[in-house]
Amino acid sequence: MNSYISFYQTLTPDLQNRIGFEGGNYEFSYNNGEDLFKLSTDPIDGQETKDNHLYLQDLDNKWDADNCCLIVERSGVINNPSFLFGPNGVASLNSKIGIALTWLSKSSNQRGVVPVAELVHGLNNSIEFDLYHAFNPGQLKGTVTIELALYLKENKENNFPNLAKYEGTILGVLDSYTVVLDGNGSMFPILEVNDPSQPLWWVSCDWSDPLSDAFSEENVSINLNTSHRFAKLLNAENGIGSSPMLIEIISSAVQIIIQKAQESGVWDNIESGSGVEPGSIGQAIYYFIHTFNWDVSSPERLARSIREDLEKRI
C-alpha cells in the first residue's frame, strides 16, 4: 500500500460536498466515417462487475476500435465554486482553477489531459461544463482510467503557504472511472506477419490465466501472413464483409480460442462469468457466447453456431 503526503491543501470529501459538484453520466459513441453510433455502458446480464467501471457494449456490432474513433461526452455543474478559493480552499483568490479530463491507457502506454473549463473566484456563482473529446482510432486498448480533475491553471499573488503554487498542480479528483473497452475490434485481435515460409494463418494462445490475462494481441491473436501466395485472395483491405475466406478464417480461429479455454481448467468460471476480470480473455469469451448465442455444447455445434452468427452479422 502506497502512502502520499501533500504539502498543500487538496480537495477533501467535505470540500467536495460544499462546492456542490454534480456530474452527469458519461456517454460514449463512435463514428465509422459515415454515421454516429451510441455505445452502451450497461454490462450484459450475469456479468460480474466492479464499482466505478463502465463496460462499453456495441449493440450495433459495428465498432472496430482500431479503425473508429471513440467519442466521450459528459455534462456537469459545480454549484458553489467560491469555496475552492482562499485559505480554506485549494487555490488563492486571484488564481484560476481548471477542470480537466485526465486519461491513462496502460495497454497502449498512453496518457493525456483534456481541458474542459476554468473557475475564477467571484465570477462564477456556479459553473456548468460540457466535456467532448474524440480519441483517435487505435489509440486506446483494454481498459482506460478517466478522471475529472481540478488543477491550478494560473497562480497570482499567492500569500498562503498552505496552498499550491505551481501551475499544473493537481488539486483534487472529482470522480474516477475505469472504462472497459469492447466491440468487434477486440473480438478479433488480428496481427499481420510477413514470412513466406509460414502458412497463410494461425492462432496464438499465449495466456497463463484466462480469468485475468487481457484479451489483447500479447496473449491471444489471429495471425495473417501477408507474404503467403494466397494472401491476395483474402481481399482483407476491403473489410471482413467482402471476404468469405476471412470470415472462415476468423470463425475457425475463434473456435480454436474457445476450445483452448475449455481445456484451461477454469471453463466453468468463464461460462458463468464468475471471477473473470474486466477486459480479460475469460470476460471476452463469456461476452461472445452469451451475446451471440454460440452453442458450446460440442465442437461441431460451436463451429456451426459461430459461422451462422458471423455470416449473418458481417
At what distance, to the nearest 0.5 angstrom, does [atom1] of [X] lie from [atom2] of [Y]?
X: Trp202; Y: Ser252; atom1: CH2; atom2: OG; result: 15.5 Å
X: Ile99; Y: Ile127; atom1: CD1; atom2: CD1; result: 6.5 Å
X: Ile78; Y: Ser126; atom1: CD1; atom2: OG; result: 10.0 Å
X: Gln262; Y: Trp267; atom1: CD; atom2: CH2; result: 4.5 Å
X: Leu233; Y: His228; atom1: CG; atom2: NE2; result: 10.0 Å
X: Ser298; Y: Gln259; atom1: OG; atom2: CD; result: 9.0 Å

Answer yes or no: is there a side-chain heavy-atom contact under 4.5 Å between [X] and [Y]?
X: Leu54; Y: Val180; result: no
X: Leu15; Y: Leu84; result: yes
X: Leu174; Y: Ile19; result: yes
X: Trp207; Y: Lys260; result: yes
X: Tyr177; Y: Asp175; result: yes
X: Glu271; Y: Val296; result: yes
X: Val72; Y: Tyr132; result: no
X: Glu154; Y: Glu167; result: yes

*Checking side chain to side chain contact (heavy atoms under 4.5 Å, CB included) for the pair Leu36/Tyr30: CA distance, chi angles, key distance, verdict?*
CA-CA 6 Å; Leu36 189 68; Tyr30 64 95; over 6 Å; no

Which heavy atom of [X] sits nearest to which heavy atom of [Y], and what is that distance?
X: Ser280; Y: Glu277; result: OG-O, 2.6 Å
X: Phe85; Y: Ser92; result: CD2-O, 3.3 Å
X: Val90; Y: Leu163; result: C-CD2, 3.8 Å
X: Ser95; Y: Asn155; result: OG-OD1, 3.1 Å
X: Gly89; Y: Gln9; result: O-NE2, 2.6 Å
X: Ser208; Y: Asp213; result: N-OD2, 2.6 Å

Ignoring hydrogens and angles, tell me if any N or O in the side chain of [X] forms a donor-acceptor pair with the backbone of [Y] under 3.5 Å.
X: Asn80; Y: Gly20; result: no
X: Asp295; Y: Ser297; result: yes
X: Thr226; Y: Val193; result: yes
X: Ser251; Y: Ile306; result: no
X: Asn225; Y: Pro199; result: yes
X: Asn223; Y: Leu191; result: no
X: Arg74; Y: Gly24; result: yes

*If you draw a 6.0 Å radius around CG in Asp206, do more than 12 non-hydrogen atoms from other residues or ligands fall strictly inside?*
yes

*Would the number of heavy atoms belonging to other residues, nucleotides or ligands and lying under 6.0 Å from CD of Glu128 be above 12?*
no

Is it possible for you to say whether [X] and [Y] belong to one hydrophobic cluster, with membership spreading through side-chain heavy-atom contacts below 4.5 Å?
X: Ile258; Y: Ile256; answer: yes
X: Met245; Y: Ile222; answer: yes
X: Ile247; Y: Leu200; answer: yes
X: Leu11; Y: Val173; answer: no
X: Leu148; Y: Ile170; answer: no

*Can a salt bridge be assigned to the pair Glu308 and Arg304 using a cut-off of 4.0 Å between side-chain N and carboxylate O?*
yes

*Identify whether the distance between the nearest side-chain nitrogen and carboxylate oxygen of Arg307 and Glu248 falls below 4.0 Å.*
yes

*Stepwise side chain to side chain contact (heavy atoms under 4.5 Å, CB included) check, Thr41 with Tyr55*: CA-CA 5 Å; Thr41 57; Tyr55 301 85; over 6 Å; no

*Once the angle between the rings of Trp294 and Phe288 is folded into 0 to 90°, is it parallel (under 30°), tilted (30 to 60°) or perpendicular (over 60°)?*
tilted

*asked:* Quick check on the 6.0 Å ring-centre criterion: do Trp103 and Phe135 meet it?
replied: yes

*Quick check, are the ring centers of Tyr287 and Phe215 under 6.0 angstrom apart?*
no

*Run the side chain to side chain contact (heavy atoms under 4.5 Å, CB included) check on Glu147 and Leu101 step by step: do they pass?*
CA-CA 6 Å; Glu147 295 183 336; Leu101 174 76; over 6 Å; no

_Pair Ile97-Lys153, side chain to side chain contact (heavy atoms under 4.5 Å, CB included): steps then yes or no_ = CA-CA 5 Å; Ile97 297 175; Lys153 184 173 183 178; over 6 Å; no

*With side chain to side chain donor-acceptor pair (under 3.5 Å) as the test, would you mind laying out the steps for Ser75 and Asp130 before giving the verdict?*
CA-CA 4 Å; Ser75 297; Asp130 292 300; 2.6 Å; yes

